[in-house]
Amino acid sequence: MALVAGLSLPVAVLVAVSLLLGALILLISAALAGPRPEAEGSGVDHEESSIVGNGVAEKQTTSKKQKMQRFRKERLQQHVFSHPVLAAALKGHSGNISCLDFSSNGKYLASCSDDRTVRVWSTKDFLEREHRCMRANVELDHATHVRFSPDSRAFITWLANEETVRVFKMTKKDDGSLTFSASVDDFPKKHRFPVINISIAETGKFIMSAASDTTILIWDLKGEVMATINTNQMNNAFATVSPCGRFVASCGFTPDVKVWEVCFTKSGEFQEVLRAFDLKGHSAGVYSFAFSNDSRRMATVSKDGTWKLWDTDVEYKKQQDPYLLLTIKCDVADPCHIALSPDARVVAISSGFSISVYNAKTGEKEEEFLNVHGEEIADLAFDVNSRFLVSSGDRAIRVFHNVVGYRAVITEMEAMLKKPTSEAMRERLQQQISNAQSALDSVCTKKQ
């Protein structure tokens with residue numbers, strides 16, 4: 001054993017030296033031989049493969065970018081529509097517009113969209129090439145309805161997710177632009193079903209919200225519910241406050257429109273809600289209705305395929321019923337909306353994607369706009385001066401000249417001139433005729 005242990009160390013040394021010499025010889029041989037051709041070729045192939053691989057990757061990336069750009073372009077492409085009386089198309093929203101509202105001073109048009117913004121447009125720009133608008137962001141939500149306050153210095157919105165009212169105040173900056181600030185607290189959540197409309201009384205005394213069940217709530221301006229109305233119509237299709245601020249009306253499954261008076265004391269305190277009158281005459285459920293600016297006329301459109309015009313200037317407290325003035329057949333399809341011009345001379349009805357415009361005195365359909373929007377029409381309204389008709393249904397707002405209204409004014413004023421009148425009255429009538437004819441001529445001239 002001692003002998004083996006003594007020999008193991010020299011043997012290990014000899015093995016290590018042999019290995020070292022062998023490795024050295026191999027290195028010298030490789031250096032003298034030079035690089036092998038196949039190794040060089042392999043290196044070139046590897047480099048080319050890397051270049052080709054990067055090129056393919058770049059082409060694939062470019063192709064994906066092009067596809068994304070094309071997809072975005074297709075999404076952002078607006079529905080194409082043209083018509084001789086189209087005044088403007090207001091574009092700015094990136095989502096579908098659900099609601100429109102004109103301010104009572106006639107200066108602004110508000111629109112809300114599922115793009116989480118409310119945009120306020122200047123009506124004086126409708127006939128310009130550029131259409132200015134100011135944007136109010138609806139944080140963490142989006143508005144389905146928007147309504148201006150009576151003083152045109154604020155607007156309220158209905159929030160889709162929070163299901164409540166949020167108030168925005170409008171402040172004009174030194175440069176004339178507007179800024180918007182949302183109220184700190186939203187109204188409390190009270191409705192159990194989706195809200196179909198909100199409205200503010202022109203008197204500034206209350207706010208109305210109507211749900212798709214049979215509930216209408218009357219709120220004070222601080223967000224307290226003052227009254228609850230049960231419409232007993234199985235469901236509400238539409239509801240609003242009259243322009244005079246006295247009435248709340250609704251329609252739904254039943255073939256009538258119900259109207260209530262919201263009563264206040266002389267000191268301005270809320271008193272009660274009383275049934276005022278009903279519009280009875282349709283044979284099927286009513287889609288929608290509209291008031292004239294003085295609330296003395298109402299127009300209704302029904303599933304029975306007719307629209308009706310009513311005289312609502314009655315003594316309802318003495319049980320006097322409204323008078324039916326016109327019944328006209330029309331095309332109807334859900335969704336269906338009706339708008340009555342503030343001067344009650346024109347009725348506009350949207351059905352699906354198209355709009356028909358009628359003379360409210362004769363009932364004659366004088367204009368028809370087909371496939372106005374790429375989506376079904378969501379809202380329809382006249383401006384406060386009866387100059388324009390606006391509609392929404394996709395990401396654009398269509399603004400039409402109210403040529404039917406201009407023609408109605410001319411016909412009506414010319415008929416009045418034939419009757420005995422004072423010189424001052426004749427001058428006023430002639431001025432109205434001249435203004436309407438000038439507006440009509442300007443539309444025709446621009447479109448030729």
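In this chain, numbering begins with 1 at the start of the sequence shown.
Ionic pairing of Arg297 and Asp311 is present here: one or more N-O contacts between side-chain nitrogen and carboxylate oxygen are shorter than 4.0 angstrom. Salt bridge annotation for Lys280-Asp256: absent, with no cationic side-chain nitrogen under 4.0 angstrom from a carboxylate oxygen. Taking a cutoff of 4.0 Å between a charged side-chain nitrogen and a carboxylate oxygen, Asp278 and Lys258 do not qualify as a salt bridge.
Although no hydrogens or angles enter the test, the distance criterion places a donor-acceptor pair under 3.5 Å between the side chain of Thr164 and the main chain of Phe187. Using a distance-only test at 3.5 Å, with no hydrogens or angles considered, no donor-acceptor pair links the side chain of Arg132 to the main chain of Ser122. Proximity of a side-chain donor or acceptor of Ser356 to a complementary backbone N or O of Glu368 within less than 3.5 Å is not detected. In this structure, the side chain of Asp304 does not engage the main chain of His282 through any donor-acceptor pair within 3.5 Å. A distance-only check finds a donor-acceptor pair linking the side chain of Asn402 to the backbone of Ser386 [under 3.5 Å]. Judged by distance alone, the side chain of Asp394 and the main-chain N or O of Gly374 form a donor-acceptor pair under 3.5 Å. Looking only at distances, a side-chain donor or acceptor of His83 sits under 3.5 Å from a matching main-chain atom of Val85. Without hydrogens or angle criteria, Ser113 side chain to Asn96 main chain gives a donor-acceptor distance under 3.5 Å.
No side-chain donor from either of Asp114 and His142 sits under 3.5 Å from a side-chain acceptor of the other. Between His191 and Thr215, the side chains place no donor N or O within less than 3.5 Å of an acceptor N or O (distance only, hydrogens not considered). Side-chain N/O atoms of Thr117 and Asn137 include no donor and acceptor closer than 3.5 Å. Side-chain contact check for His131 and Asp125: no donor-acceptor pair (N or O, by modelled atom type) lies under 3.5 Å.
For Phe102 and Phe148, the gap between ring centers reaches or exceeds 6.0 Å. Centroid-to-centroid, the aromatic rings of Phe180 and Phe168 stay 6.0 Å apart or farther.
In this structure, Lys329 and Tyr358 approach most closely via the heavy-atom pair O-OH, 4.1 Å. The nearest pair of heavy atoms linking His145 to Cys112 is N-SG, 3.6 Å. The two atoms that bring Glu367 and Arg407 nearest to each other are OE2-NH2, 3.2 Å, heavy atoms only. When every heavy atom of Leu86 is checked against every heavy atom of Val399, the shortest pair comes out as CD1-O, 3.4 Å. Across all non-hydrogen atoms, the minimal contact from Asn197 to Met208 is O-CE, 3.8 Å. In terms of heavy atoms, Thr123 sits closest to Gly106 at OG1-O, 2.7 Å.
Sorted by first then second residue, the side-chain hydrogen bond (donor to acceptor under 3.5 Å, both in side chains) pairs that include residues 217-227, not counting sequence neighbours, are Ser209-Trp219. Judged as a side-chain hydrogen bond (donor to acceptor under 3.5 Å, both in side chains), the pairs with a partner in residues 238-252 (not counting sequence neighbours) are, in order, Gln233-Ser250, Arg246-Glu261, Arg246-Tyr316. Applying the side-chain hydrogen bond (donor to acceptor under 3.5 Å, both in side chains) test to every pair with at least one member in residues 153-162, sequence neighbours left out, gives these pairs: Asp141-Asn161.
Considering only residues two or more places apart in sequence or on other chains, Thr265 meets the side-chain hydrogen bond (donor to acceptor under 3.5 Å, both in side chains) condition with Ser267.
Between Phe126 and Phe388, the ring-plane angle classifies as perpendicular under the 30° and 60° cut-offs.
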Less than 3.5 Å apart, which donor and acceptor atoms pair up between the side chains of residues 426-433 and the rest of the protein, not counting sequence neighbours?
from	atom 1	to	atom 2	distance (Å)
Arg426	NH1	Leu417	O	3.2
Gln431	NE2	Asn435	OD1	2.9

Residues 331-340 side chain polar contacts: donor-acceptor under 3.5 Å, at least two apart:
from	atom 1	to	atom 2	distance (Å)
His337	NE2	Ile377	O	3.3
His337	NE2	Ala378	O	3.3

Give the C-alpha distance, both sets of side-chain angles, the deciding distance and a yes or no for side chain to side chain donor-acceptor pair (under 3.5 Å) between Asn236 and Ser212.
CA-CA 5 Å; Asn236 296 331; Ser212 60; over 6 Å; no
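Trp307 pairs with exactly one of Thr327, Thr300, Val347, Val286 by the side chain to side chain contact (heavy atoms under 4.5 Å, CB included) rule, that one being Val347.
Taking the side chain as every heavy atom from C-beta outward, Thr254 and Met234 never approach each other to under 4.5 Å.
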